[in-house]
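Lettering follows sequence order; numbering is per chain, from 1. Values in this document were obtained by computation on a predicted structure and should not be read as measured data.
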Protein chains: 4
Amino acid sequence: MSPPPALRRAELLATAGEVFARQGYNATTVRQIADAAGMLAGSLYYHFDSKESMIDEILSGFLHQLWAGYDTVLAAGLGPRETIEALVVESFREIDRHQSAVAIYQKEARHLSAQPRFGYLTDSRTKFERAWLDTLRRGAAAGVFRTDLDLKLTYRFIRDTVWVAASWYRPDGHHSPDTIARQYLSMVLDGIATPAKE
Amino acid sequence: MSPPPALRRAELLATAGEVFARQGYNATTVRQIADAAGMLAGSLYYHFDSKESMIDEILSGFLHQLWAGYDTVLAAGLGPRETIEALVVESFREIDRHQSAVAIYQKEARHLSAQPRFGYLTDSRTKFERAWLDTLRRGAAAGVFRTDLDLKLTYRFIRDTVWVAASWYRPDGHHSPDTIARQYLSMVLDGIATPAKE
Amino acid sequence: MSPPPALRRAELLATAGEVFARQGYNATTVRQIADAAGMLAGSLYYHFDSKESMIDEILSGFLHQLWAGYDTVLAAGLGPRETIEALVVESFREIDRHQSAVAIYQKEARHLSAQPRFGYLTDSRTKFERAWLDTLRRGAAAGVFRTDLDLKLTYRFIRDTVWVAASWYRPDGHHSPDTIARQYLSMVLDGIATPAKE
Amino acid sequence: MSPPPALRRAELLATAGEVFARQGYNATTVRQIADAAGMLAGSLYYHFDSKESMIDEILSGFLHQLWAGYDTVLAAGLGPRETIEALVVESFREIDRHQSAVAIYQKEARHLSAQPRFGYLTDSRTKFERAWLDTLRRGAAAGVFRTDLDLKLTYRFIRDTVWVAASWYRPDGHHSPDTIARQYLSMVLDGIATPAKE
DNA sequence: CATGAATGAGACTTCATTCAT
DNA sequence: TATGAATGAAGTCTCATTCAT
C-alpha cells in the first residue's frame, strides 16, 4: 500500500530539506536529493515542478507555521517582557520542528529574496522586525528593558542569538527546546533588563 | 604605472571576496568575479589557480590575522573577564577589517572543511573553541561568571552573537567596531556575569 | 525498441575508438565523439564518467582479450618456433578485431602509462616482453633461431613489425589477418632476400 | 655574449622537439616549451610565429636532411640489394641525428598532413614509397629478393621495421646507429630463423 | 509512478596568442 | 629580447530539466 500523495510529498520535502541544509541549496544537485529519496533524478519531477519549487515549499511552509505561532503570541496581549519570553520560546520550538528549514532560511534567504517568487521572504522579514522592535520599544518605554542601548542593535543581538542556534542545534541533545530557550532567555534578559533595585 | 603584483592580487581577492560574500561561493561564477574586476574570466587564471584557491586565500588570510590578534590577547595574562572583553573587541575589529571574509566563513566553512585542503578551518575552529571555553571556565571558577549556565551553551551564545554581526555590519554605519563591541559586551556580560550583590 | 545498455555502451566505445584512432586522443574533442554518435556532448556523460574513462575502457578491454588469446597460446606447450608463429597469428587476429584500440595503444600508451590509473599498461607491457623474450631465448637455445643476433633487438624488431601493422591495416583489404600473418612470419623468419647459393 | 640568432633558434627548436616527442604535439603547451627553454611563454613569440611553425620547422628541417641523404644513395647507381642496405643505414643515421623529429613525425604526420601547410609531408611520403618500392621491384626482378611476397606488404614491413625503432632508440645505448642498421638488415634480409638444412 | 536516456545551457578551466613596457 | 598581464576561443564536464516508455 503506497502512502497518500500528500504524505509522500512531505517526506520528499523533508529529505530535500535535510540535503539542502547540509550542503547548501546551490551545492545540492537534484540527483543527490533523488538518491536520498531512493529514486532517480527525473522521477522527482513527477512530484515537483523544479528544484526551486522544493525550496520554495520548504521555506513558505516553515514561515507559515512560524507566523501562526508568533501571531498567537502577539495577539495574547502580554506585557513586553512576557512577549519577548514567549517569542523566544516559540522560536526555539520552531527551530526544533523545522530544523533544516531554519538552517536553509539562514543561509539562502538573503539571495533568494532578490527573486520575485520569493518576495514573501522580504515581507516576512519586515513583519518580523516590526514585531520584535515594537515589543522592545514598548519594554524600554515601560522601563522593563534598559534604555541605554541602541534598539536596533538590541534587536539584531537577540534575533541572531536565537536563530543561529539552528546551525548547531541537534534534537537528540540533552536539552529540549524549552530548556534551551529558558537558558537563552536567562542570558539575554539579565543583560537587557534593568538591573534589580537594591 | 601598474600596481605591484602583491597589491594587484590583494585587490582581486577583495573583489572576489565581496562577490562571494554577497552571493555565496557556489552561486558565484568566475565570470561575475572577472566582471567585477574588469577583466575576462580566463584572465583570472593568470593570477589564481582556481576559484577554490581564491576562497582559500581569502579565508586563510583572514584566519591568519585573526589569530595574530587573538594570540596577542591570550598571551597578555589578563583576567577572564578582561580576556573576554578583549577578545570581543578584537573580534569586532576583525569583522570590520575582513567583513566579507567573515561573512564567507560563516556561510561556507562548514561544507568546505570536509575537503582536506581546508583542514585548517577545522583546526582553527577547535583552537577557537578551546580559547573561549577555557576563558569562560576560568571565569566561572573565579566567580566572575555565573555558574548556573551550561558552559557549552554559553560559549555558543557568545560566539554566534558576536560573529553573526558580520552579516549585517556595514562599516559606513554610525558605529565604530569598538562602539559596537562595547554595546555587545554590555549586553552579553551583564547577562553572564554574576549579578551584582545587594 | 532500444538496445540493451551493454550493447549501447559498446557501440559508443566503438565510435569513440574510431575517432581517437583517427585523430589522436588529445586532438579529439568530446563533441566530435558525440557528433559521431549522434548525440550532444553532454549526453555522453550519462554513459561515461569522462573522456579518460572512455579510452581506459577501450584499452583495458582490448588488453583483456589480447591476453586471453596469448595465454591460451603460451599454455599450449608448443615449441619456440611454433609459439612465435602462433603469437604472431594471434596478434594479427587481435589487430583485426580491435583495430582502433591497437592504433590508440600504439600512439597513447606511453604517455598514458605515467598516470596511476593506467598502470595496467605498464604491467601488460612487462608481461608482454617477458612472454616474447622467453620464447625467443628458448628458440635460440634450441637452435631454431639464430644466435648471432642481439635478443632484445630481435624482440623489438618482431614486436614493432607486427603491431605497427595496425596503423595501415584495413579489414576490407584483400588479405585476411591470417594471410597477412603468414606473410609476415615468412619475412620475419626467413628474410626477404633469396637465400645465397653456396 | 649571447649566441648568434640562428644558433639560439636551433637550440629552441631542439628543446621544443624534445618536449613534443615526449608528450605529443597537442599535449604539449607552449608554456612547457618555454619552461624547458628558461623563458616565459610569451617570449617564444619573438622567435617563432606560432606553435605550429615550430613543429613545421622541426619536421621540414628533418625531411630536408633525410632527402639529402636518400638522394645521394639513390643517385649512386647501386644494385637493388646494396641500395636497400644503404637506405637502411642512412635511415638509422637520420634517426640518430633527428631522434625527436622522427618520433614527432611518426606520431603527428598523419593528422598534420591534412592541413595545406603540411602538404610536403604527403609529398615526401609519396616520394619515399616510390623510392623503396622501385628498389624492391628491381630486386625482385633481378632475383635478389624473393618473388613470392606481396610487394606492398614487404615495403610496409621494412619501412615500419626501420622507422619505429626511433620510438625506443636512445643514442647513449651500446649500439651505434650503424651497428643497429647492420643487425636490422641481417634480420630483414635473412630472417631470424636458422636456415633449414637441405 | 518511476526509469533511462537525452538535451542544452552554462560552469570552470586551459591555452595559444598579443602587446605595451 | 624578454616580461607580465590580458584576451578570447575552445574544451571538459555538470546539472536541471524533459519525455517516451
Side-chain angles (χ1 to χ4, degrees), chain A residues 2-3 5 8-9 12 25-34 37-54, chain B residues 1-5 8-9 12 25-34 37-54, chain C residues 1-5 8-9 12 25-34 37-54, chain D residues 2-3 5 8-9 12 25-34 37-54:
Chain A
S2 53
R8 187 85 179 94
R9 235 185 131 70
L12 290 172
Y25 173 70
N26 279 293
T28 297
T29 71
V30 165
R31 220 188 127 210
Q32 288 171 325
I33 300 171
M39 55 172 63
L40 291 184
S43 310
L44 279 175
Y45 287 80
Y46 177 82
H47 301 276
F48 302 97
D49 282 347
S50 64
K51 183 183 168 189
E52 205 180 61
S53 79
M54 293 186 220
Chain B
M1 207 70 61
S2 55
R8 186 84 180 93
R9 245 186 120 69
L12 290 172
Y25 174 70
N26 279 296
T28 298
T29 73
V30 163
R31 220 190 126 210
Q32 289 171 324
I33 300 171
M39 53 171 61
L40 292 181
S43 308
L44 280 175
Y45 288 79
Y46 178 78
H47 302 276
F48 303 96
D49 282 345
S50 63
K51 183 183 168 189
E52 201 180 66
S53 82
M54 293 187 220
Chain C
M1 207 70 59
S2 55
R8 187 85 180 93
R9 242 185 124 68
L12 290 172
Y25 173 70
N26 278 295
T28 298
T29 71
V30 164
R31 217 189 128 213
Q32 288 170 326
I33 300 171
M39 54 171 60
L40 292 182
S43 308
L44 280 175
Y45 288 81
Y46 178 78
H47 301 277
F48 302 98
D49 282 346
S50 63
K51 183 183 165 187
E52 202 180 64
S53 81
M54 292 186 219
Chain D
S2 52
R8 188 84 180 93
R9 239 186 127 68
L12 290 172
Y25 174 71
N26 278 295
T28 298
T29 72
V30 164
R31 219 188 128 208
Q32 288 171 324
I33 300 171
M39 55 172 61
L40 291 183
S43 310
L44 279 176
Y45 287 79
Y46 177 82
H47 301 277
F48 302 97
D49 283 346
S50 64
K51 184 183 169 189
E52 204 181 61
S53 80
M54 292 186 221

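The shortest non-hydrogen separation linking D:Ser43 to D:Met39 is CB-SD, 3.8 Å. Minimum interatomic distance between B:Leu12 and B:Ala37 (heavy atoms only, all atoms of both residues): CD2-CB, 3.6 Å. Heavy-atom minimum distance, D:Gln32 versus D:Ala27: OE1-O, 3.6 Å.
Contact annotation: D:His47 reaches the phosphate of F:dA2 (side-chain N/O to OP1 or OP2, under 4.0 Å). Look at C:Arg31 and you won't find any side-chain N or O under 4.0 angstrom from OP1 or OP2 of F:dA9. Under 4.0 angstrom from either OP1 or OP2 of F:dA6 there lies no side-chain N or O belonging to B:Tyr46.
One can place CE of C:Met54 at 10 Å from C1' of F:dT12, the figure rounded to the nearest angstrom. The nearest whole Å value for the distance from the CG atom in B:Leu12 to the P atom in F:dG4 is 17 Å. In this structure, CZ of A:Arg9 is placed 13 Å from P of E:dA2, rounded to the nearest angstrom. Here the C1' atom of nucleotide F:dG8 and the CG atom of B:Leu40 are 7 Å apart, to the nearest Å. In this structure, the CE atom of B:Met39 is 16 Å from the P atom of F:dG4, given to the nearest Å. Remark: P of E:dC1 and CZ of A:Phe48 are 12 Å apart, rounded to the nearest angstrom. When rounded to the nearest whole Å, the span between CG of C:Asn26 and P of F:dG11 equals 13 Å. The distance from atom CD of B:Glu52 to atom P of E:dC12 is 12 Å, rounded to the nearest whole Å.
Rounding to the nearest 0.5 angstrom, the gap separating the OH atom in B:Tyr46 from the CZ atom in B:Arg8 is 11.5 Å. Rounding to the nearest 0.5 angstrom, the gap separating the CG atom in C:Leu44 from the NZ atom in C:Lys51 is 11.5 Å.
Considering only side-chain atoms of C:Lys51, the nucleotide from F:dA5, F:dT12, E:dA11 that sits closest is F:dT12.
Judged as a ring-ring contact (aromatic ring centres under 6.0 Å, His included), and not counting sequence neighbours, B:Phe48 has no contacts. Qualifying ring-ring contact (aromatic ring centres under 6.0 Å, His included) partners for B:Tyr45, counting only residues two or more places apart in sequence or in other chains: none.
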- Dot-bracket encoding of pairs in DNA chain F, which uses [ ] for pseudoknotted crossings and | for another strand, Watson-Crick or G-U under 3.5 angstrom: .||||||||||||||||||||
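D:Thr28 comes within 4.0 angstrom of sugar-phosphate atoms only, judged by non-hydrogen atoms across all strands, and of no base.
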Output a table of nitrogen or oxygen pairs between the protein and nucleotides 18-21 of chain E separated by less than 3.5 Å.
none

